[in-house]
Structures are given as structure tokens and as C-alpha cells.
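Residue numbers begin at 1 in each chain, while the letters A, B, ... track the order of the sequences. Excluded from the calculations below are hydrogen atoms, water molecules and symmetry mates; all remaining heavy atoms, backbone and side chain alike, are included. Treat the numbers as computed from the prediction; the structure is a model and nothing was measured.
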2 protein chains.
Amino acid sequence: MSVTIKDVAKILHVSHTTVSRALNDSPLINPETKKRILETAKQLNYVPNYSARSLVRNRSYNIGLFFSTMSQVTSPGFFYETVRGVNSVITESYNLVVNGIDRYADVRTLDKRRFDGIILMSQSEKDDALVSHAVEKQIPLVVLNRKVADTSIVNVLSADRQGAYNAVVHLIEHGHTHIAIIEGEKGFQATIERKEGFLTALRDNHIEIPDEYIAEGHYTMESGYTAMKQLLRAAHPPTAVFALNDEMAVGAMKALYEAGLRIPEDLSVIGFDDSQFSSFITPSLSTVRRAIAEVGSTGAKKLMSIINNGDSTGEKIYIDTELIQRDSVGPAPKR
Amino acid sequence: MSVTIKDVAKILHVSHTTVSRALNDSPLINPETKKRILETAKQLNYVPNYSARSLVRNRSYNIGLFFSTMSQVTSPGFFYETVRGVNSVITESYNLVVNGIDRYADVRTLDKRRFDGIILMSQSEKDDALVSHAVEKQIPLVVLNRKVADTSIVNVLSADRQGAYNAVVHLIEHGHTHIAIIEGEKGFQATIERKEGFLTALRDNHIEIPDEYIAEGHYTMESGYTAMKQLLRAAHPPTAVFALNDEMAVGAMKALYEAGLRIPEDLSVIGFDDSQFSSFITPSLSTVRRAIAEVGSTGAKKLMSIINNGDSTGEKIYIDTELIQRDSVGPAPKR
DNA sequence: ACAAGGGTTGTGAACGTGTGCATTTTGTAC
DNA sequence: GTACAAAATGCACACGTTCACAACCCTTGT
């Protein structure tokens, strides 16, 4: 059926061992015979049988990229960037297997022999079952996006706190001193980090934040809309709003639009995430871009080094964010 | 190291063959011993070695999902929906391997033993190299999104023509008779299909279309913007515009906004694709949603049936689109 | 008691590749 | 030419599983 190393061997009157050595450029082979072998292998269109190779080498050549769930990922852009980042560093001899971990009935069937290593884009604490399983079974693992307690594993995270800090400084540099925040879902790591950055930036610049400048949100457009309405009812309405993600920023903009306020002349808005739509809305939305693809690629690089070199010192790596300046932020209006 | 069927066999004083039979629920086994074996297998946390199984069964248990390229996919939403759709029908025993075919130096290294079947989300004619290779090597193949000449292979396509037809009928039902089109990149299959639907709808309703209602576009926001400006300079400007994708629709809306025209009071706009941002802009954009996830899932089902049942009659399957009604379409203004 | 036959289990080879060790060939120095 | 080392090659087994075939046990009918 398909051509094997034995077929190549037979043609050249050598043993299959020699052919094997030629294909793996072993030092134990005459360069000339090696050349001959490689030539006829190519000519015969030889392709190694990965199953056989995997069996004897005890390597699957599969890298698992798992999301908490496949049916409700954070956002399409988030998903795409992650896959793209990881994919860019995985070499041709490896297969990148993408799945949601909720698709596996039992994480314990995830075997070292089925995956040489696992990259987990974690969005929920439920993933900890997989994490501890991998640790126990000594499957090389890198966790992206969500900080995990175990210090022995590699964690790649977006520096959301610093990004939020920069966003708020950006507002301050435009003269704003009345800056409100629309928070995200309570308890989420992202919410905590981003709010922390917000508060620190204000503190560093000696700006106080009254309670009425803090509005609740749930990362949805609707919640941003109602939050903004609430903020506008404040005794001294803010001149700038920092929404913890872009969806809420859009909701806030809708509320401002309805209230007859202009952006950014009357009020500046800045979001977080740089969602795809941010550049399409009017005015285009200033925001903070998380380098998701870079999170994926550095995670993948780390994983490959763990697999190949066996270095498994856990660490936490932070990937810088980028401030995206568009049209929704302007100078603070005179009072 | 890890537990094999021989380990299980040794404990129960049976042969490894018996264990194998138990695990594959073969009829050639006593239900009672089978039960005993399954129990201890579970207890030992036995996981089958896929490499070994693959080797002897000549099956990789890998399904390849290939995009033309990974670095510049049509849109994040498109990518995500595709993967999600395919993933939803792939069972746990299979690995879904995602990649761009440009990552493979030579498509001929794509082997039947490495992939039991391939799903190709095709966006370019360059993919034909892979198609013909798969046909030649008899690798089960399903091509999504792009019509391919070879009638022997399964093709799953979005019914763009019918979707465009419905969109235009939707405008006509709102009383519009002066309807313009912003075209997409010349030569693209999608452009041809959508324009065809547009023209047929007008013809069926005895509406003429003057040349000045046909504007060129390139699927970008900028091109939609300039196209709209051109359309507004017409002797009798249209009351409705059909943009062949959402990006161009947004560009058109920006041009209308600058011209002081209201949407949909003065002019209605409808797009195509239901991009993520369509619901976030103001006014929210009416559009046509392609059921990408369904394209993926039906393609995957077809592939699995080819793999398992060997039925390989080529066919072209069209997946219906869905008209998404939002706020950018209203009744035609009185003249 | 014995043959027939169904049900259940075991034996041994095979899948394609890599590797430790033995063997042969080549090269070098005397 | 011989001795020895180094280089190159071959042999045989291993990896974990499946499968064809043989072997065994037990029931049933004569």
C-alpha cells in the first residue's frame, strides 16, 4: 500500500536500519549512502508512519490546545488569536489538536501518550481538575490567561493591571480628573486586575474617586448602558469613563448618544480588549489591546522547551498590553 | 511506566487478547469476564495507547481541519464558527487537528496514515493542490465554502445567492424600488453569487437597475465609504443599499452620516455576513447570516460517514442563510 | 460413550519504526 | 602485509495493540 522504510531498503540493498538512520540524520552513517537513501525516499514519496514512530519513541507528536469550553468562548477574536499564536510556533512534525475540555467525559483519559504537552487557555476554575491531573501524570503543561495557584507550572498572563493603569494615565494626560469606572463581573480575575490598575493610576496622580463614580457591570453591552445612565445621574458627572471591556464601552456610548452628549467633546470613553468592532463604531473606540497571540506563542514556546529540554521550573510570565488610541478620547471639557 | 493491556491481563490471569476483546466489546467474550476486566482496567486507570492502536488498525484518529492560511483568515468569527461546528460532531476518540495548509512545506507529506480525513475550509484556488493530492491518495476529503470543480468530492457551501435574494426582497417589501449595490472583489465566488441573487430579486420584481446604482467595492470599510459617496452623486440617489459584506456596509453608513442622512429614515442599508460588530454599531445593521457553524458540522458529518461507511459519492450541499433584521432597514421614504 | 458444535479463551504473528549490540568494511600506521 | 581502530552497516528485538487461527470447555443429541 504505502511505502515504508523497508521498501526503500530493499531497493537500495541495505537494511531498514540504515534507512532509518539516514532519515533521522544519525552520525552513524556514511554521508554518501545517506544521500542516496534520501533521494530514493523522496522519489518514492516516502512519508514516515507517525503511529509507528510514536509507538517506539513514546511520543504522540500531538500538542493539545484546550479551551474551557468550545461552545462559549470569550470572543471569536480571542479564540482566533490564541490558536494563531500557538500555531505559529508549532513545527510541522507536531499536530495542534484543538478542543474544549468539556468535550472530554473524564480528564483522566488525557494521557501523556496521547499528548506530548498541553496548553490550557483557561477561563474557569473548573479547569483545575485538568491542571492537577496533568501535574500528577507529569504531562508538560502551560496555563494561559488565568493565574493558577501551583507555583510549579508555567503561567502566561496578560498584564491587565498595567494596561488599565496606562489607559487611565492616558485619560489623565488629556486633563481628565473626573474619571468613572464601569466594573465587570465580580470575582473574575480580570475584573480585579483591571480595577486595581485603575485605582493605582488615580492614587499615583492624587486623584480621588467618589463612590458615585463606580458603577457595576457584567461585561455585556446592556450592563454598560445602564451603568452609564447611572453615572450620568451623579451630582458631578464624570468627564471620562473607563469601561472594563469594549462591549460595556459600546453600551455606555449608546447611553451617551441618547442623552445628547458628544464623544469625546463632552465625555471621553475608553474600553478594554480591542474587540473587532471597536474600530468600526462611530466614534472609533480607544481601548487596550491584550496581545493574545503573543500569550499563545510564548506559551507554546515554553511548552516546547519543557518537552524538548525537560526544564520545568514554574514561572509566571506577563505579556504587555498595548494602548490603542482612536477617537473616543479627547481633552477634558472646561468646567 | 504506564499500564497496558498485558498488565491488566497478568493480574486477572487471562491473556492480553481477552483484555483487548473486552475493551472493544467484541461478541467473542463471556460477559462476566468482560465485566471483571473492565473493572480492573478502570481501577488501574488504564488508557489505551493510541499509537499502537493506530499502527495496527492503520488509522490515525486524526481529523485535519485546514484553512488556506492561518495568519489571515477571513474573519475571527468565521474561523471560530468553523472550528466550533466541526468540533461539535467529532467524537472523543478523534483528535481535531487545526492548521493552515500554508504551514506545510509540501502537501504531499499529508498522508492517509496521519489523517483519517481532511476538512478543507477553502478560501483560495491555491488549495487545489491539496484537493488533487487528497483525491489521488484517496484521503477522505470534504471541501467547505469554495466550490470545487471535481464532482467526485463532497462540497458544503453557503447558499449566498439565496441569501442575497432574500435580503433584496426584504428591501422591496419595505417599499424600496431604488436599490443600489456595493460589490465585492471581482472574481471571488462570493461576489458572483451574491450579485446574482441581487439581480435575480430585482428582475423577479420587475425593478430596473441603472448603471449608476452599481458601485465597486473590495470588502473593506474604506471601499464601502467611497462607494457610498459615489452612489450619492447619482442623478436619482437610491433609497436603499445592499453591501456585499458588513465591513462595506459600515463604511457606507459612515459616508451617509457625514452627508447628514439618517438611517433608516432617509436611506436603508443592509449587509452580509453578520459580523460580530454588526449588532454593536448604531443603528444596528440588518444583514444576512451565513450558518458557518452548520457548514462545518454538516461537512464533518459527511466526512465521518465517508470514513466509517466508505460512501464517497460527491455532492454539493447548500446551507441556508438567515436574514437578520435589525435597525438599519426601514420603509422607503416618500418621493 | 461419543461426535458435533457453539461459546470462550489463548497463541503467535503482524503493523512500521528505533536502538543496543554484533559484525563487517574501511582507513591508518607500522 | 599485518594489526588495530574507527566508521559503517546489519541483526534482532522491542513498543502495545489487533486479528486470524488453534485450542479448549461445555452442552446437546444420538
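- In summary, the side chains of B:D160 and B:S158 do present a donor paired with an acceptor at a separation below 3.5 Å, with no hydrogens or angles considered.
- No side-chain donor-acceptor contact under 3.5 Å links A:S297 to the backbone of A:G85.
- Residue B:N58 contributes atom CG, which lies 7 Å from atom P of C:dG16 at whole-angstrom precision.
- Under a 3.5 Å cut-off, the side chain of A:K316 and the backbone N or O of A:V148 do form a donor-acceptor pair.
- The closest donor-acceptor contact from the side chain of B:R108 to the backbone of B:H133 lies at 3.5 Å or more, if one exists at all.
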Stepwise side-chain hydrogen bond (donor to acceptor under 3.5 Å, both in side chains) test for A:N145 and A:S122: CA-CA 6 Å; A:N145 196 51; A:S122 183; over 6 Å; no
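- Proximity of residues 26-41 of chain B to DNA chain C (heavy atom under 4.0 angstrom from any strand atom) is restricted to B:L28, B:I29, B:N30, B:T33.
- Residues B:Y94 and B:R59 have side chains that bring a donor and an acceptor to within less than 3.5 angstrom of each other.
- Checked by atom type and distance alone, the side chain of A:N308 never pairs as donor or acceptor with a backbone atom of A:S305 at under 3.5 Å.
- Across the protein-nucleic acid pair, A:Y61 atom OH and C:dT17 atom P stand 13 Å apart, rounded to whole Å.
- In the 5' to 3' direction, nucleotides of DNA chain D lying under 4.0 Å from heavy atoms of chain A begin and end at D:dA8 to D:dG16.
- Relative ring orientation between B:F79 and B:F67 is described as tilted, the plane-to-plane angle lying within the 30° to 60° band.
- Within the structure, every side-chain polar atom (N or O) of A:R57 is placed at least 4.0 Å from both OP1 and OP2 of C:dT17.
- Between the NZ atom of A:K6 and the P atom of C:dT17 there is a distance of 9 Å, given to the nearest Å.
- Although no hydrogens or angles enter the test, the distance criterion places no donor-acceptor pair under 3.5 Å between the side chain of B:S20 and the main chain of B:H16.
- Between A:Y46 and the phosphate of C:dT17, there is a side-chain N or O to OP1/OP2 separation shorter than 4.0 Å.
- Counting non-hydrogen atoms of neighbouring residues, nucleotides and ligands closer than 6.0 angstrom, the CD atom of A:E125 reaches no more than 12 such neighbours.
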A:R114 and B:N49: CA distance, side-chain angles, deciding distance, side-chain hydrogen bond (donor to acceptor under 3.5 Å, both in side chains) verdict: CA-CA 7 Å; A:R114 187 162 178 188; B:N49 183 322; over 6 Å; no
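- If you check residues 7-21 of chain B against DNA chain D, the residues with a heavy atom closer than 4.0 Å are B:H16, B:T17, B:S20, listed by number.
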